[in-house]
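The structure under discussion appears below in the form of structure tokens.
Letters A, B, ... mirror the listed sequences (proteins, then strands); counts begin at 1.
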Protein chains: 2
Amino acid sequence: MKNVTIKDIAKLAGVSRGTVDRVINNRGNVSKMVEEKVIRIANELGYEKNIIASRLASTKVYKIAVVLPSPESDLFWAIPKEGILSALNLVKYYRIKVEFLEYNISSSEEFSFQVTKAIKCKPDAILMAPLFLKESEELINTGEQEKIPFLTINSELNHNNILSYTGQSSYHSGYLAGKLFDINLQHDDEVIVLNLAHEISNAPHYTDKVKGLIDYFKEHKTKHINVSWYEFDDFLNGEVLLKRFKETQKKHPEMKGIFFTNSRAYRLLDLLEKEEIEKYKIIGFDMIEQNLKYLKNGIIDFIINQNPFNQGYNGLMNFVNHFIHNKEIKKQEYLPLDIVVKENVDFYYK
Amino acid sequence: MKNVTIKDIAKLAGVSRGTVDRVINNRGNVSKMVEEKVIRIANELGYEKNIIASRLASTKVYKIAVVLPSPESDLFWAIPKEGILSALNLVKYYRIKVEFLEYNISSSEEFSFQVTKAIKCKPDAILMAPLFLKESEELINTGEQEKIPFLTINSELNHNNILSYTGQSSYHSGYLAGKLFDINLQHDDEVIVLNLAHEISNAPHYTDKVKGLIDYFKEHKTKHINVSWYEFDDFLNGEVLLKRFKETQKKHPEMKGIFFTNSRAYRLLDLLEKEEIEKYKIIGFDMIEQNLKYLKNGIIDFIINQNPFNQGYNGLMNFVNHFIHNKEIKKQEYLPLDIVVKENVDFYYK
DNA sequence: AAAAAAATTGTGCGCGTGCAAAATTATTTA
DNA sequence: TAAATAATTTTGCACGCGCACAATTTTTTT
């Protein structure tokens, strides 16, 4: 079962390897008759290009720009980068050049700046997390004019210049949180959603989570659990944050569950006494070190893991599959909604 | 930043490529002086072998025998095979030959027969699920004499002829089940462990699960939950199975939780009426089609997913990393203990 | 119809490594 | 010390494909 090579095709078609090469790679300058014949024979033999030989011989260097928040500004983002590097390691000799560009997670200006810079690199594609909705759309349009497609991770966005999305379904992660509260709460308890984010954002990956949570309790009314939500935008200021939380407590005496919509649960928990907070069922996102502390001491009950490693890994593999292997890639690849508790936390990618 | 090649080393060392090649690959017939010089220069330059060029040029075909239960005898095993094929697809042109050998999951004789056959193929390694403890140990010994190392998935076994284990920690999956029961059960409820397996087995991947579950409740006594366990070995006979379950029910009036230690929950559930069974909290393993039905209609509450796809994928990648990339591979790679509920089931590998 | 231009096809080298045969150098034997 | 043997090193082809350039054929122009 030797693999079919262009040499085999050339011999059968009665032409030279060069001609077969031109047909296979659409380099033109081949007469219609010959082209058809070569294609027919290639199909008959079930020819598949030997990618490693191809990449070895080719001088073309594929270029991808990766634009992600800096781990310094948000710890979560260290892991997707590891995923990217790990994928890269698998395809080390494919002549792929990666340009890493980082921005402060709170700065939409820096985000725009770096994506613009990425576009100027004229890469084959840009892999990014489009955290800022409005800016992202504009930038993706700009990219489209320059014929630079995008691959996205973490937050979903619709645009026909986006080749793929790898990440969770925000809606369903909220819905799942509903289920987890439902198991753990009592009749007439109340769930409060806290969004600790700088811009009071209408980013879909936030609103969809809330929608999912609310929908869950619309569909499951046996316990009469009520949901309210708040945005704390100046969460970096401990005093203000604490004050706003106290107000919320007062306003919602039946509050028994707290749902943090992102990885910043620890920001509030750092400010509270254990006794005061352990009466709440708490669900947050992301297995970053600061949150794990609270998961392990029983303050956070569930963490929903967003598979940051695979976001990076699969994101880059999508690039490879699309550009190098010429494979169809899925427009949406929804990653699992991992339920992380104290008892299984050690087995997830730390 | 061009990559360093043997040519570069050869030039700097003042020898030919062939000599460098012999040093790099320990082919001998090189004088000590030259060898040391080449090694020194290679290290200085940070030489890394270009694997794709290497595999392209080499005539050596790596051979791996894969011995797994047939999907016909146990559906679970369709997925690890998919994982293996998927990994294989990534390294398609590395000249790896895979010999798939299947056995009926209930037959230790067939297992031994196929592993013996695998050894006779004289592969570079054997990837298998050592479901039968005693037989496995003997076979691994035989393999050791023939210098054939093993890679294992799914059930853990200690032997120094085993290069790696990829799968869950059975103990912790039982422990996790304890936690899940604890959340969902009441004071003085009882949990029954059901092991539906042919041989009343002392296989560690069964006993460890029970141990984990029991330990959980040893450490968490607030609800006074009691645990008992039973082996149903003739589970294929519906009548007998049902009878034995009824007996168990009678014997344990406080039974409120049922823990199935493997993927065969559906075998019993198929025999019971919905009304009769929905009062129990049920935890089982593996996202096979027949179980998913019961997860989706609310009869099974939790499925612990064993990542069958990754068992296969990582198992094969371990082979590649060890033999082709010459990388250290971990002796134990514990996969996540995924908690699957109705609300997140669609996002796990079906 | 010859020359020029255009279109098509063929050839050879290189990517980085493996491998075996040939060539060179060092060592032993007679 | 020459010949034989052993040890070491070099050389060249191969893997399958990309690519630049050469060679050939066809078409157009004069």
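A salt bridge does not link B:K117 to B:E99: none of the charged nitrogens lies less than 4.0 Å from a carboxylate oxygen. For the pair B:E48 and A:K92, the salt-bridge criterion is met [side-chain N within less than 4.0 Å of a carboxylate O]. Ion pairing between B:E36 and B:R40 fails under the 4.0 Å rule for side-chain N and carboxylate O. Using a cut-off of 4.0 Å between Lys/Arg side-chain N and Asp/Glu carboxylate O, B:E102 and B:K81 are scored as salt-bridged.
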Heavy atoms under 4.0 Å is the rule here; annotate nucleotides 23-28 of chain C 5' to 3' with B where the base is hit, S where only the sugar-phosphate is, and - elsewhere. ------
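B:L157 is listed as a side-chain neighbour of B:I140, based on a closest heavy-atom distance under 4.5 Å. Side-chain contact between B:I153 and B:Q306: absent, with no pair of heavy atoms (C-beta onward) separated by less than 4.5 Å. With contacts defined as side-chain heavy-atom distances shorter than 4.5 Å, the pair B:N307/B:I79 does not qualify.
Atom NZ of A:K330 sits in a sparse spot, with 12 or fewer heavy atoms from other residues, nucleotides or ligands closer than 6.0 Å. The number of heavy atoms from other shown groups lying within 6.0 Å of NZ (B:K327) is above 12.
Atom CG of A:N29 and atom P of D:dC19 are 14 Å apart (whole Å). Residue A:D8 contributes atom CG, which lies 11 Å from atom P of D:dC15 at whole-angstrom precision. Summarising the geometry, the separation between OH on A:Y94 and P on C:dG16 is reported as 16 Å, rounded to the nearest angstrom. Nucleotide C:dG16 holds its P atom 12 Å from the CD1 atom of B:I9, rounded to whole Å. A straight line from CG of B:N326 to C1' of C:dG18 spans 15 Å, rounded to a whole angstrom. Distance CZ (A:R95) to P (D:dG18): 12 Å, rounded to an integer number of Å. Between A:I24 atom CD1 and D:dC19 atom P there is a gap of 14 Å when expressed in whole angstrom units.
For the helix from C:dA1-D:dT30 to C:dA30-D:dT1, the angle separating the two terminal helix axes comes to 60°, with each axis derived from five pairs and the value rounded to 10°.
Checking the phosphate oxygens (OP1, OP2) of C:dC15, no side-chain nitrogen or oxygen of B:T5 falls inside 4.0 Å. Within the structure, every side-chain polar atom (N or O) of A:N50 is placed at least 4.0 Å from both OP1 and OP2 of D:dC15. Side-chain N/O atoms of B:N25 include one lying less than 4.0 angstrom from OP1 or OP2 on C:dG18.
Comparing C:dT9, D:dT8, D:dC17 by their closest approach to the side chain of A:I6 singles out D:dC17.
A heavy atom closer than 4.0 Å to some atom of DNA chain D occurs in B:L56, B:A57, these being the qualifying members of residues 52-64 of chain B. Residues of residues 42-49 of chain A having a heavy atom closer than 4.0 Å to DNA chain C: none are found. Near DNA chain D, meaning a heavy atom under 4.0 Å from it, residues 13-22 of chain A has A:R17, A:D21 in order of number.
Both the sub-6.0 Å distance and the 45° axial angle are satisfied by A:K60 relative to the ring of A:Y62.
When the options A:V67, A:I126, A:V66 are evaluated for a side chain to side chain contact (heavy atoms under 4.5 Å, CB included) with A:L101, the one that passes is A:V67.
Side chain of A:T19 to backbone of A:V15: no donor-acceptor contact under 3.5 angstrom is found. In this structure a side-chain-to-backbone donor-acceptor pair under 3.5 Å is missing from B:D74 to B:P71.
Residue pairs meeting the side chain to side chain donor-acceptor pair (under 3.5 Å) criterion with at least one partner in residues 157-168 of chain B, sequence neighbours excluded, are B:N141-B:H159, B:S164-B:N318, B:T166-B:N318.
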Could you go through B:S136 and B:F111, starting from their C-alpha distance and side-chain angles, then the distance that decides it, and tell me whether this counts as side chain to side chain contact (heavy atoms under 4.5 Å, CB included)? CA-CA 9 Å; B:S136 295; B:F111 169 73; 3.4 Å; yes
